[in-house]
Amino acid sequence: MSLPAFPVKKILVLLILLVVPGSVYYLLKAKGENRYRPLAIYGPKQPASTFHTKRGKQIRDTLYHQIRDFTLLDQNGNSAKFPADSSQITVVNFFFSRCPTFCSNMNSEMARVAKINNGNRLLRFLSISVDPEYDRPEVLKEYSKKYGSENEKWDFLTGDKELIYSLAKEDFLVDAFRDTTKAVNFIHSPMIILVDSKKRIRGYYDSTGGNDKMNLLTDEIRVLIAEELRNVKDR
């Protein structure tokens with residue numbers, strides 16, 4: 001008696017859904033600290049007017065802070081939209097190419113994390129310039145050559161200055177503004193920001209904090225991927 005045939009694609013998706021969360025749990029547990037729990041959701045929140053049921057009880061839903069949709073220009077002069085894909089996790093930082101302090105180290109740390117996750121279609125990396133008047137697409141294209149080969153889904157963005165500063169402050173909840181005491185300087189956060197597919201902030205990681213912070217980012221990207229896959233499975 002012949003067994004029924006199953007499409008290869010469905011079998012692969014099922015394997016990912018079953019194997020990846022368990023593998024993530026093992027990897028995190030093996031490091032001596034179990035961080036396999038939902039990541040925090042950052043930013044202001046408020047009660048919703050809707051409810052969901054859990055174990056027979058009605059629980060009020062929560063409205064969490066979300067990053068607005070926006071469009072900037074990438075290093076190739078093309079429009080780059082956020083979100084580009086409703087299923088993607090995004091890793092974001094703010095920098096500028098003439099930065100005399102920590103930007104080079106910050107993008108080196110981004111490059112390390114991007115390289116580890118190269119080829120992962122669930123992930124996207126965005127580096128947004130806080131000096132867009134100087135950091136035009138051609139400048140960013142040259143600048144990105146040091147890092148771009150680490151991940152094909154890493155874009156360096158520029159655009160309207162007021163929009164970028166507003167996004168930093170109001171959406172990503174970090175500092176970004178011109179330092180008027182110096183000719184060429186901008187004050188901006190050293191944080192690398194993890195955003196889920198629902199456009200919610202799930203983590204801040206200090207790029208000046210050394211390997212521990214970037215290892216934590218790498219671990220929590222895996223946790224968030226497992227969470228996203230579970231959510232897909234539960235739909």
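Every value quoted in this text rests on a predicted model; they were computed, and no experiment measured them.
N185 is listed as a side-chain neighbour of P100, based on a closest heavy-atom distance under 4.5 Å. No side-chain heavy atom of K45 sits under 4.5 Å from any side-chain heavy atom of H65. Counting heavy atoms from C-beta on, the side chains of N93 and I193 never come closer than 4.5 Å. With contacts defined as side-chain heavy-atom distances shorter than 4.5 Å, the pair I192/V92 does not qualify. You'll find the side chain of K153 stays beyond 4.5 Å of the side chain of N117, heavy atoms only. Here the side chains of K199 and P83 are in contact, with some heavy-atom distance below 4.5 Å. Residues D155 and Q75 form a side-chain contact, since some pair of their non-hydrogen atoms from C-beta on lies under 4.5 Å apart. Y42 places none of its side-chain heavy atoms less than 4.5 Å from the side chain of R202.
For the pair R98 and Y134, the cation-pi test (distance below 6.0 Å, angle within 45°) is passed.
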Hey, mind stepping through Y205 and E109 against side chain to side chain donor-acceptor pair (under 3.5 Å) and telling me if it holds?
CA-CA 11 Å; Y205 309 88; E109 296 291 1; over 6 Å; no
Evaluate side-chain contact (heavy atoms from CB on, under 4.5 Å) for V91 paired with M110, printing each intermediate quantity in order.
CA-CA 9 Å; V91 182; M110 278 278 279; 3.8 Å; yes
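By the neighbour-count criterion of 12 heavy atoms within 6.0 Å, atom NZ of K213 is sparsely surrounded, having that number or fewer from other residues, nucleotides or ligands. R60 CZ: more than 12 foreign heavy atoms inside a 6.0 Å radius.
Linking ILVMFWY residues whenever their side-chain heavy atoms come closer than 4.5 Å, directly or via other members, leaves L140 and F94 in distinct clusters. Cluster annotation: I67 and L194 are assigned to distinct hydrophobic clusters (Ile/Leu/Val/Met/Phe/Trp/Tyr, side-chain heavy-atom contacts under 4.5 Å, transitive). The hydrophobic clustering, which links ILVMFWY residues whose side-chain heavy atoms are closer than 4.5 Å, places I225 and V113 together. Note: the hydrophobic cluster containing I89 does not contain I116 (ILVMFWY, side chain heavy atoms under 4.5 Å, direct or indirect links). In the hydrophobic clustering of ILVMFWY residues, with side-chain heavy atoms under 4.5 Å counting as a link, F172 and F125 come out apart.
Judged by distance alone, with hydrogens and angles left aside, the side-chain atoms of N215 form a donor-acceptor pair with the main-chain N or O of N211 at under 3.5 Å. Distance alone, capped at 3.5 Å, is enough to place a donor-acceptor pair between the D206 side chain and the T208 backbone. Checking side-chain atoms of E228 against main-chain N and O of S197 turns up a donor-acceptor pair under 3.5 Å. Judged by distance alone, the side chain of N120 and the main-chain N or O of L122 form a donor-acceptor pair under 3.5 Å. With D160 contributing its side chain and L163 its backbone, the two residues share a donor-acceptor pair below 3.5 Å. In terms of modelled atom types and a separation under 3.5 Å, the side chain of S166 and the main chain of E162 share no donor-acceptor contact.
Taking CG of D175 as the start and CE of M191 as the end, the distance is 10.5 Å to the nearest 0.5 Å. Note: R222 CZ to L224 CG = 13.0 Å, rounded to the nearest 0.5 Å. Rounded to the nearest 0.5 angstrom, Y147 OH and S108 OG are separated by 4.5 Å.
Using cut-offs of 30° and 60° for the angle between ring planes, the F96 and H188 rings count as perpendicular.
Nearest heavy-atom pair across E227 and R200 is OE2-NH2, 4.3 Å. Taking every heavy atom of both residues into account, R68 and L167 meet most closely at NE-CD2, 3.6 Å. Across every non-hydrogen atom of A114 and W154, the tightest pair is CB-CE3, 4.0 Å. Between Y165 and V130, the shortest heavy-atom contact is OH-O, 2.8 Å. When all heavy atoms are compared, the tightest approach of P132 to G159 is CB-O, 3.1 Å. The two residues L63 and P47 make their nearest non-hydrogen contact at CD1-O, 4.4 Å.
Among residues two or more places apart in sequence or in another chain, the ring-ring contact (aromatic ring centres under 6.0 Å, His included) test is passed with Y64 by none. Checked against ring-ring contact (aromatic ring centres under 6.0 Å, His included), F95 has the following partners two or more places apart in sequence or in another chain: Y143, F156. Annotation: ring-ring contact (aromatic ring centres under 6.0 Å, His included) contacts of F70 (sequence neighbours excluded): F82.
Here the rule is side-chain contact (heavy atoms from CB on, under 4.5 Å) with L39, and of D196, I201, V223, I221 only V223 fits it. The side chain to side chain donor-acceptor pair (under 3.5 Å) with S97 is formed by just one residue from the set D131, T158, D135; it is D135.
Between the side chains of S129 and R136, not a single donor N or O lies within less than 3.5 Å of an accepting N or O. Side-chain atoms of D61 and T50 include a donor-acceptor pair closer than 3.5 Å. Between the side chains of T53 and Q58, no donor-acceptor pair is found at a separation under 3.5 Å.
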